[in-house]
Structure formats: structure tokens, C-alpha cells
2 protein chains.
Amino acid sequence: MPPTLEEVAKLAGVSRSTVSRVINQQPNVRPEVRERVWEVIRQTGYQPHAAARSLATRRTRVIGLVIPQAVTTLFTDPYFPIFMRGVADACNAHNYHLMLSLFSHRRAQGAPTSQDALYQQILRSRYLDGVVVSSATLDDPVFHHLLEDGVPFVIAGRYPHERANYVDVDNVVGARMAVEHLLRLGHERIATITGPLNMFAAQDRLEGYRQALTARGIPIDEHLIVEGDFTEQGGQAAMKRLLPYRPTAVFAASDMMAIGALKALREDGLRVPEDIALVGFDDVPLASMVDPALTTVRQPIEQLGSMAVELLISLLENPQRETVHRVVLPTELVIRASCGVRVR
Amino acid sequence: MPPTLEEVAKLAGVSRSTVSRVINQQPNVRPEVRERVWEVIRQTGYQPHAAARSLATRRTRVIGLVIPQAVTTLFTDPYFPIFMRGVADACNAHNYHLMLSLFSHRRAQGAPTSQDALYQQILRSRYLDGVVVSSATLDDPVFHHLLEDGVPFVIAGRYPHERANYVDVDNVVGARMAVEHLLRLGHERIATITGPLNMFAAQDRLEGYRQALTARGIPIDEHLIVEGDFTEQGGQAAMKRLLPYRPTAVFAASDMMAIGALKALREDGLRVPEDIALVGFDDVPLASMVDPALTTVRQPIEQLGSMAVELLISLLENPQRETVHRVVLPTELVIRASCGVRVR
DNA sequence: ATTCTTGCTGAGAGCGCTCCCAAACGCCAG
DNA sequence: CTGGCGTTTGGGAGCGCTCTCAGCAAGAAT
């Protein structure tokens with residue numbers, strides 16, 4: 001049975017209040033008393049009871065990481081673990097704890113509780129001080145619940161609601177850079193494999209693609225735009241659909257899809273970059289390891305995760321400021337072999 | 001301000017106790033009263049306050065997933081996300097919540113709190129009912145803390161302590177099957193790239209390797225045993241060290257290391273499987289996607305995660321049973337192209 | 001010497017829930 | 001009509017903490 005505040009107080013010969021002041025680093029405790037209390041705390045291994053503290057303070061120091069729906073993608077794409085590491089690191093650094101809420105579809109069928117009910121349950125039960133949402137689709141009900149229940153939250157990815165705080169990378173510019181690079185190399189029939197278009201990141205990257213072509217006066221050929229789902233298989237399938245239209249270059253909106261496309265091309269006997277140029281997006285570690293190494297748009301995935309947490313924490317700890325926070329991180333074109341430029 | 005039990009009670013014209021009985025599905029409430037209470041709960045969107053409940057019941061319905069030390073590996077190896085999905089699914093299914101504790105080394109230097117202190121803090125503050133530990137090294141201090149503080153826990157992977165519950169796969173048999181397969185194909189100079197030998201999984205797979213050779217009367221050549229670290233780079237480096245000893249086949253203790261080895265071989269101008277046979281371990285999705293597709297030992301990673309959680313929950317909900325629970329899941333040899341047998 | 005600060009300490013109430021116990025309420029048998 | 005019994009209900013205490021407020025001592029100001 002671990003000791004309580006009360007017991008520590010008795011052992012140190014002071015009152016509960018004083019011990020409470022000591023652990024919460026409040027002033028107005030005589031140094032010698034403070035030291036005596038610390039000594040007892042050390043000896044007993046006392047640690048405040050989280051639930052009791054939460055009940056009194058109405059804060060838990062726990063933030064949630066909610067990853068809805070598209071779970072399948074997330075577990076095949078290296079993006080996710082990297083993002084999570086950023087999140088976890090930032091939590092550790094600020095002494096917050098991380099609650100992970102993953103919802104897979106399978107849960108839906110025959111499960112005692114619907115995903116929707118689960119959201120509500122978690123949010124309303126005040127387990128969490130705030131929430132980071134990643135990779136949600138535009139229509140995900142989680143946003144509705146979050147706003148309704150007034151739970152502070154930060155989205156990793158853009159979201160157009162006046163009360164939505166988010167951290168995003170500049171997907172439009174990133175995609176445009178990628179396509180502009182292909183244009184510069186002389187390509188004109190440039191195809192794109194998009195992400196699922198119910199996600200902003202996918203929409204924005206498509207927008208960047210369009211902008212680059214339009215700026216160059218090249219008309220958009222809708223046949224050269226195929227929707228993928230951010231997975232390798234999806235990329236492979238999309239590439240197959242693209243092949244009849246004979247693009248000379250492809251911009252895939254994620255590295256995993258690019259790798260899938262690579263496979264489809266290889267199966268078709270096409271060489272990259274000799275026969276067709278390929279550019280990805282994300283710069284996951286795998287991108288530099290495939291053959292040919294992937295030219296891609298690097299986004300600071302880990303930083304995205306930690307920034308989201310930092311933002312959320314600053315929101316939690318300065319509730320007076322009603323301002324909405326939005327951060328957009330830059331992307332960077334990483335030129336490797338797959339686009340057909342010799343790398344020195 | 002969300003409603004409290006008290007308020008729901010007032011609205012339904014009953015006492016706190018009755019509402020509590022309704023929420024906790026206890027008997028001895030008149031059906032009509034029960035229905036009336038439910039109605040109010042529905043209308044108000046009432047959800048019990050987690051902290052208050054925990055304080056009274058001394059349970060949180062939160063379990064921790066602790067992933068110590070070797071974080072780097074974990075974030076490049078697809079093993080980890082798959083395992084986590086199993087864990088998350090099982091939690092969802094049982095209405096438990098998942099707290100994720102990742103500790104990266106970087107945290108160590110200059111951080112306000114040491115990893116050790118963090119463990120203690122989390123465990124002692126009673127945030128968690130129990131803990132699942134994955135991928136720990138043998139000497140990880142977390143085990144000490146867990147045992148000392150009497151926190152129920154389940155390890156994913158073997159651990160030789162009389163009070164340690166674990167879920168593991170049969171690494172010895174799996175490795176032996178892999179090597180026996182290579183023997184059957186006529187190989188005699190079989191090398192192995194082990195995992196970090198301060199992990200049981202690595203030790204056990206090495207043991208399987210040894211058993212297979214010894215059973216066949218082939219002496220162990222220590223030059224053919226090289227320690228890796230479960231990463232692709234590690235596998236690549238290990239393979240390079242192995243090359244001078246000219247093995248005709250290699251058993252890598254993880255798919256990622258096998259893929260690294262593949263790279264090293266290719267760089268050296270060797271073809272797989274023609275010049276050298278290669279077998280991996282894990283059967284991560286990537287294994288079937290590389291060229292040549294990897295022969296490997298499949299372990300039920302996701303099931304490992306969910307079993308660990310199920311075990312832990314059964315421990316938590318039947319505390320009377322003092323028995324130690326140990327589950328060992330079977331592995332399965334998956335024959336693909338990299339070992340040199342034509343797959344029909 | 002008296003009042004006013006100021007710094008330190010302790011007591012009490014309360015956070016929202018559970019759980020034990022006693023009271024109230026039938027209902028049936030005697 | 002009363003006693004006994006099982007079911008249903010309500011009240012109180014308590015889980016371990018924080019936080020406000022009042023008390024107290026000691027030094028500063030009058």
C-alpha cells in the first residue's frame with residue numbers, strides 16, 4: 001500500500017497542506033521544513049495519486065493521440081511511427097502522459113460500442129486534458145465531438161474550422177516543387193497518384209500539382225490524375241490504371257505509393273528513371289533505400305508530432321488566450337535517382 | 001460544465017446511489033426507475049468522471065504499453081506498429097484505455113527527469129492498472145520497478161522470473177525450422193545474423209540455429225555467427241562482416257536484417273538465391289514485397305499484442321488467482337524465393 | 001508598547017464517485 | 001392485523017488530493 005500525503009505529513013511532523021506545497025513547488029515553506037519533507041518523500045517513495053490529484057485540480061496531464069478510421073494505412077506507412085515518436089518525445093519532455101486511441105474498422109462490426117460512442121466516452125469522462133488528432137478524414141465525427149465537448153485539440157493536418165488549431169506542412173508548395181522539378185527536367189506528360197481525396201493532405205498535394213502545371217501553361221489532363229489511398233498496394237493499382245495514358249513522369253503523393261508505382265512499372269518492364277521518372281512525398285527512411293532511391297518531398301514528420309503536442313500544451317497552460325494557433329512547416333525537395341537526374 | 005452524478009440523480013428524482021447502480025449495471029433497481037434514469041443520462045450526455053471513479057474504485061481501466069530503450073529499432077521495424085495494433089484492438093474490445101510510454105535515449109541527456117524516475121512516476125502514481133512491456137532488454141530496470149511496486153504486468157517476450165507473466169512466440173523452434181530448411185536444401189555453411197543478444201528473442205533464435213546444426217552433426221563455426229541489432233543497417237553491416245567467410249546460406253533473425261543483408265550481398269555482386277540463400281524472421285509485410293521475396297518465419301505479431309492484453313486483463317479482473325500465466329504461440333515457416341526453392 | 005505587515009502553517013471543505021448500511025416499502029403467512 | 005423477509009432506495013463516509021482562508025509568530029513601522 002503506497003503512502004498517502006497524509007502519512008507523509010505525519011512522518012514529517014507537518015500538515016497535509018505543507019507537504020502539498022512542497023511537492024507542488026510552491027513558495028512559503030521554510031527551507032528546513034521543505035528539506036525534511038523531501039527527505040520523507042524520498043524515503044517512502046511517495047508519489048501523488050494521479051486520480052486524487054486530477055479530481056481536485058480538474059486536470060490529468062494526459063493528452064490523447066487520436067487516430068481514426070484509416071488505420072490500415074497507418075500501420076503500413078512508416079509515417080505513423082515517426083510521427084508518434086515526435087509526439088511521445090514532446091510529451092515526455094513536458095511531463096505529460098500519452099493516451100493512444102486507435103480505432104480500426106473491425107471494431108465496428110459486432111463490437112459492443114460504436115466508434116462514435118467510444119469517442120464520446122473518452123472525451124467526456126475527462127480522462128484527457130486535450131487531444132492531438134492525426135490523419136483524420138474531413139468528415140470524421142471526432143471533430144464534431146471535440147468542438148461540442150469543448151476539448152482542446154490540435155490537428156496534425158489542416159482543418160478549416162475557425163476554432164481548429166493545427167500544425168501542418170506546406171503540402172501545396174511541396175507538391176508544386178516536386179512537379180516543377182519534373183517540368184524542369186523536360187517532362188510534360190506528368191501524372192499524379194493522389195492520396196484519398198477526403199483528406200486535406202491529399203487535396204493540397206493535388207492542388208500543388210495543378211498549380212505547377214497551370215503556371216507552366218500545361219493543361220490538366222484528368223486521365224493523368226488517379227486517386228490512391230496512401231498505401232503501397234494502392235499506388236501499384238493506381239500506376240496500372242495510369243499506364244495506358246503513357247505519362248513520362250509520375251508524382252505520387254506519398255512514398256509508399258511511389259514504391260507501389262515502382263513495382264507496377266517494373267512489372268510492366270519499364271525502367272525508372274530511364275523510361276519514366278518518379279517522385280514521391282514524405283521522405284520516409286525507406287525512400288532512400290529502394291532502388292532507385294526515391295526523389296521525394298521531405299516533410300518534417302517527427303517535428304510535426306512534437307509541434308502538435310507543444311501547441312496543445314501551450315493551449316492547455318494558457319487558457320486565457322483565445323487565439324487560434326496554426327503552424328505550417330516547410331517542405332524540402334530531396335533529389336535522388338528516381339527522377340532521372342544524376343546525383344553527384 | 002458536464003453534469004455530475006448528483007445532477008442526474010436530481011433530474012431523475014432519485015438518489016446518487018440509484019444512478020450509480022444504473023450506470024454500473026447493478027441489480028435491485030425497479031425497471032421503470034432504471035429506464036427513467038437512463039433517459040436522463042441519455043439526454044444530458046452524462047459520462048462518469050474518470051478520476052472520481054478511479055479514486056473510489058482504485059482502478060483506472062487504463063493499461064500501459066511500455067517500450068523501453070531500443071526505440072530506434074522499433075521505429076524502423078514494421079513489427080512495432082503491427083504489435084501495437086493488436087494491443088489497441090484488444091484494449092478497445094475490453095473497454096480499456098491505452099497509455100503509451102516510449103522512452104528514447106535522447107530523453108536521457110539533459111532531460112529534467114531520468115527514464116528511471118519516469119517509470120517510477122508513472123507506476124506509482126497509479127495511473128495504470130497494469131502494464132504490457134515489449135521489446136525490453138534483459139537488464140531493463142523496468143522489471144525491477146514493476147515487481148517492486150507490485151504492478152501487474154505481462155511481457156511480450158520471455159522473461160525468466162518466477163513472477164513474470166509473458167506471451168511469447170516459439171523462437172527456438174521457429175529458428176530451428178528455418179535452419180533445418182536450409183540444411184534440407186543441402187547447405188552446410190550456414191551463417192546467422194543474430195539480434196542484439198541482450199534480448200531473449202535474439203538469444204532464442206540463436207539457440208534454434210545452434211540446435212538445428214548440432215542435430216545434424218555440423219559443428220558450430222563461430223565466425224558464421226555475427227551479432228546484429230534488428231535493424232536494416234545492422235543487417236547490412238553484419239552481412240559484410242560475414243562475407244569473407246563465404247557462407248552459402250544465411251539465417252537472419254529478423255526480416256529487416258535480412259533485407260539489409262540482401263543489400264550487402266547485392267553490393268557485393270552476389271545473387272540471392274542463386275549464389276547465397278537467405279531466410280528471415282517475422283514475416284512483416286515487407287518480406288513478401290522485396291525482390292526476391294523473403295523466405296521467413298512467420299510469427300503472429302498482432303496476436304501477440306492482443307494476447308498480452310487479454311492476459312493482463314484477466315490478471316486484473318481475477319486477482320485471486322496467483323498463478324503465473326505464460327503463453328507461447330507457434331511460428332510457421334513461410335517459403336518464398338530467397339531460399340532457392342522454386343515456389344509453385 | 002501597539003499596530004501593521006509579512007511569512008509560514010494548519011484546518012476544513014470539496015472535487016465526483018462507490019460502497020456499506022440502515023430505512024422504507026411492499027408482500028405474504030400466521 | 002401484525003411480524004418477518006426480501007427488494008428497493010437513500011444517506012453518509014471516504015477515496016487522496018488541492019485550495020482558500022484563518023491563525024500565528026516574528027519583525028517592521030508607528
Side-chain angles (χ1 to χ4, degrees), chain A residues 1-38 40-41 44-62 97 121 123-129 149 317, chain B residues 1-38 40-41 44-62 121-129 149 317:
Chain A
M1 198 91 289
T4 68
L5 235 211
E6 191 84 49
E7 287 159 17
V8 172
K10 200 175 301 167
L11 286 172
V14 295
S15 72
R16 281 197 326 276
S17 311
T18 299
V19 180
S20 177
R21 281 185 197 99
V22 172
I23 19 177
N24 294 302
Q25 335 238 38
Q26 286 171 20
N28 298 344
V29 177
R30 235 164 56 227
E32 69 194 74
V33 174
R34 188 183 291 275
E35 189 40 53
R36 180 151 41 99
V37 171
W38 268 124
V40 175
I41 291 176
T44 55
Y46 170 75
Q47 185 73 36
H49 191 292
R53 192 177 244 187
S54 298
L55 185 56
T57 58
R58 323 185 118 279
R59 335 235 298 70
T60 60
R61 290 196 82 84
V62 174
H97 301 283
Q121 190 181 319
L123 298 181
R124 298 233 169 108
S125 61
R126 310 278 134 176
Y127 261 115
L128 310 172
D129 287 348
D149 291 348
E317 303 192 340
Chain B
M1 198 92 289
T4 69
L5 236 210
E6 192 84 49
E7 287 159 16
V8 171
K10 200 174 301 168
L11 285 173
V14 294
S15 73
R16 279 195 329 274
S17 310
T18 301
V19 180
S20 176
R21 281 185 198 100
V22 172
I23 310 236
N24 294 301
Q25 335 237 36
Q26 286 170 20
N28 298 344
V29 177
R30 239 167 50 231
E32 71 193 70
V33 175
R34 189 183 292 273
E35 189 40 52
R36 181 151 39 98
V37 172
W38 268 123
V40 176
I41 292 175
T44 54
Y46 170 75
Q47 185 72 36
H49 190 292
R53 193 177 242 187
S54 298
L55 186 56
T57 58
R58 324 186 117 276
R59 332 228 311 60
T60 59
R61 290 196 83 83
V62 174
Q121 190 181 320
I122 295 174
L123 298 179
R124 298 234 170 108
S125 61
R126 308 279 132 174
Y127 262 115
L128 310 172
D129 287 349
D149 291 347
E317 301 191 342

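Each chain gets a letter, A, B and so on, in the order the sequences are listed, and its residues count up from 1.
Across the protein-nucleic acid pair, Gln26(B) atom CD and dC19(C) atom C1' stand 8 Å apart, rounded to whole Å. Between the CD atom of Gln47(A) and the C1' atom of dG16(D) there is a distance of 13 Å, given to the nearest Å. Distance, Ile23(B) CD1 to dG16(C) P: 14 Å, rounded to whole Å. Spacing between atom CZ of Arg126(B) and atom P of dC17(C) amounts to 23 Å, rounded to whole angstrom units. One atom, NZ of Lys10(B), and another, P of dC17(C), lie 13 Å apart when rounded to the nearest Å. One can place CZ of Arg59(B) at 19 Å from P of dC15(D), the figure rounded to the nearest angstrom. Spacing between atom CZ of Arg36(B) and atom P of dT8(D) amounts to 14 Å, rounded to whole angstrom units. The CD-C1' distance, from Gln25(B) to dT18(C), rounds to 15 Å in whole Å.
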I'd like a table of atom pairs between the protein and nucleotides 9-12 of chain C - only N or O on both sides, under 3.5 Å - with the distance next to each one.
{"from": "dT9(C)", "atom 1": "OP1", "to": "Arg30(A)", "atom 2": "NH1", "distance (Å)": "3.2"}
{"from": "dT9(C)", "atom 1": "OP2", "to": "Arg30(A)", "atom 2": "N", "distance (Å)": "3.0"}
{"from": "dG10(C)", "atom 1": "OP2", "to": "Ser15(A)", "atom 2": "N", "distance (Å)": "2.9"}
{"from": "dG10(C)", "atom 1": "OP2", "to": "Ser15(A)", "atom 2": "OG", "distance (Å)": "3.2"}
{"from": "dG10(C)", "atom 1": "OP2", "to": "Thr18(A)", "atom 2": "OG1", "distance (Å)": "3.0"}
{"from": "dG10(C)", "atom 1": "O6", "to": "Arg21(A)", "atom 2": "NH2", "distance (Å)": "2.5"}
{"from": "dA11(C)", "atom 1": "N7", "to": "Ser17(A)", "atom 2": "OG", "distance (Å)": "3.4"}
{"from": "dA11(C)", "atom 1": "N6", "to": "Ser17(A)", "atom 2": "OG", "distance (Å)": "2.8"}
{"from": "dG12(C)", "atom 1": "N7", "to": "Arg16(A)", "atom 2": "NH2", "distance (Å)": "3.1"}
{"from": "dG12(C)", "atom 1": "O6", "to": "Arg16(A)", "atom 2": "NH2", "distance (Å)": "2.7"}

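Picking from dG16(C), dT18(C), dC17(D) the nucleotide with the shortest atom distance to the side chain of Leu55(B) gives dG16(C). With dT18(D), dT18(C), dC17(C) as the choices, the nucleotide that has an atom nearest any side-chain atom of His49(B) turns out to be dC17(C).
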Please list every donor-acceptor pair under 3.5 Å in which a side-chain atom of residues 47-57 of chain B meets a protein atom from a residue at least two apart or in another chain.
{"from": "His49(B)", "atom 1": "ND1", "to": "Ala51(B)", "atom 2": "N", "distance (Å)": "3.2"}
{"from": "His49(B)", "atom 1": "ND1", "to": "Ala52(B)", "atom 2": "N", "distance (Å)": "3.3"}
{"from": "Arg53(B)", "atom 1": "NH2", "to": "Asn24(B)", "atom 2": "OD1", "distance (Å)": "3.2"}
{"from": "Ser54(B)", "atom 1": "OG", "to": "Ala50(B)", "atom 2": "O", "distance (Å)": "2.9"}
{"from": "Ser54(B)", "atom 1": "OG", "to": "Arg59(B)", "atom 2": "O", "distance (Å)": "3.2"}
{"from": "Thr57(B)", "atom 1": "OG1", "to": "Arg53(B)", "atom 2": "O", "distance (Å)": "2.8"}
{"from": "Thr57(B)", "atom 1": "OG1", "to": "Arg59(B)", "atom 2": "N", "distance (Å)": "3.2"}
{"from": "Thr57(B)", "atom 1": "OG1", "to": "Arg59(B)", "atom 2": "O", "distance (Å)": "3.3"}

task: Using the side-chain contact (heavy atoms from CB on, under 4.5 Å) rule, take Val62(B) and Asp129(B) through it: C-alpha gap first, then chi angles, then the decisive distance, then the call.
output: CA-CA 6 Å; Val62(B) 174; Asp129(B) 287 349; 6.0 Å; no
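Within the 4.5 Å cutoff, the side chain of Val37(A) has no heavy atoms near those of the Arg34(A) side chain. With contacts defined as side-chain heavy-atom distances shorter than 4.5 Å, the pair Pro27(A)/Arg21(A) does not qualify. In this structure the side chain of Ile23(A) never reaches within 4.5 angstrom of the side chain of Val8(A), judged on heavy atoms.
At distances below 3.5 Å, at least one donor-acceptor pair connects side-chain atoms of Arg36(A) with backbone N or O atoms of Ala12(A).
OP1 or OP2 of dC15(D) has not a single side-chain nitrogen or oxygen of Arg58(B) nearer than 4.0 Å. For Ser20(A), no side-chain nitrogen or oxygen approaches OP1 or OP2 of dC17(D) to under 4.0 Å.
Ionic pairing of Arg124(B) and Asp149(B) is present here: one or more N-O contacts between side-chain nitrogen and carboxylate oxygen are shorter than 4.0 angstrom.
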